[in-house]
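Report on the following structure.
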Amino acid sequence: MSFFDRVYKVARQIPTGRVTSYGAIAKAVGSPQSARMVGWAMNASPEDVPAHRVVNRNGLLSGKSHFGDSNAMQNLLEAEGVIVKNNQVQDFEKLFWKPEILS
DNA sequence: TGAGTGACTGTAA
DNA sequence: CTTACAGCCACTC
């Protein structure tokens, strides 16, 4: 199983209406210092991976520009009940979902 | 085989 | 409080 596969496995576990950070996923897959790789994995993520629920540690939609439309990521989040304003998730601390560590 | 790159993060000024 | 900088690891050319 590759690094990417593990990232996808964790990302798919993010509940609807919740968000997490790249660093949190990196930690969950066993490479806490590979947050950048997580982002890269998201760049190549399959459709069944909710990449829009993954933001940076400030709750900022750093990856929105990688979606087709500049509003796509925000629209997806808002459709799930996540309030996004100025490219930033509101109540990020409340909505933050901590992924479980992969064994 | 080696250098470049990136949807990040934590620490320092 | 905001801005800067360096480390990080897996992947591509």
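When reading the values below, keep in mind they use all heavy atoms of this one structure, side chains included, and skip hydrogens, waters and symmetry mates. A note on names: the letters A, B, ... follow the listed sequences, proteins ahead of strands, and every chain is numbered from 1.
Taking hydrophobic clusters as Ile, Leu, Val, Met, Phe, Trp and Tyr residues chained together by side-chain heavy-atom distances below 4.5 Å, A:L60 does not share a cluster with A:V84. Cluster membership for A:V49 and A:M73, using ILVMFWY side-chain heavy atoms within less than 4.5 angstrom, is not shared.
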Donor-acceptor contacts, no H, no angles, side chain residues 19-43 of chain A, under 3.5 Å, sequence neighbours left out:
residue, atom, partner, partner atom, Å
A:T20, OG1, A:W97, O, 2.9
A:S21, OG, A:A24, N, 3.1
A:Y22, OH, A:V54, O, 3.3

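Residues A:Y8 and A:A44 approach most closely at OH-O, 3.1 Å, considering heavy atoms. When every heavy atom of A:L95 is checked against every heavy atom of A:Q90, the shortest pair comes out as CD1-O, 3.5 Å. Nearest heavy atom pair, residue A:K9 against residue A:L102, reads CD-CD2, 4.2 Å.
Scored by the ring-ring contact (aromatic ring centres under 6.0 Å, His included) test, A:F92 finds A:F96 as partners (sequence neighbours excluded).
Once you apply a 4.0 Å limit to the heavy atoms of chain A, the touched nucleotides of DNA chain B run 5' to 3' over B:dG6 to B:dG10. First and last contacts of DNA chain C with chain A, using any nucleotide atom under 4.0 Å from a protein heavy atom and ordered 5' to 3', fall at C:dG7 to C:dC11.
Annotation: the span from A:L77 atom CG to A:I83 atom CD1 amounts to 11.5 Å, rounded to 0.5 Å. Here the straight-line distance linking atom OG of A:S62 with atom CZ of A:R57 works out to 12.5 Å at 0.5 Å rounding.
Residue pairs meeting the side chain to side chain donor-acceptor pair (under 3.5 Å) criterion with at least one member in residues 66-86 of chain A, sequence neighbours excluded, are A:H52-A:E80, A:R53-A:E80, A:Q74-A:E78.
DNA chain C is contacted by A:S34, A:R36, A:M37, A:W40 of residues 34-71 of chain A, taking any non-hydrogen atom closer than 4.0 Å.
Within 4.0 Å of A:F3, counting heavy atoms only, lie sugar-phosphate atoms of the nucleic acid but no base atom.
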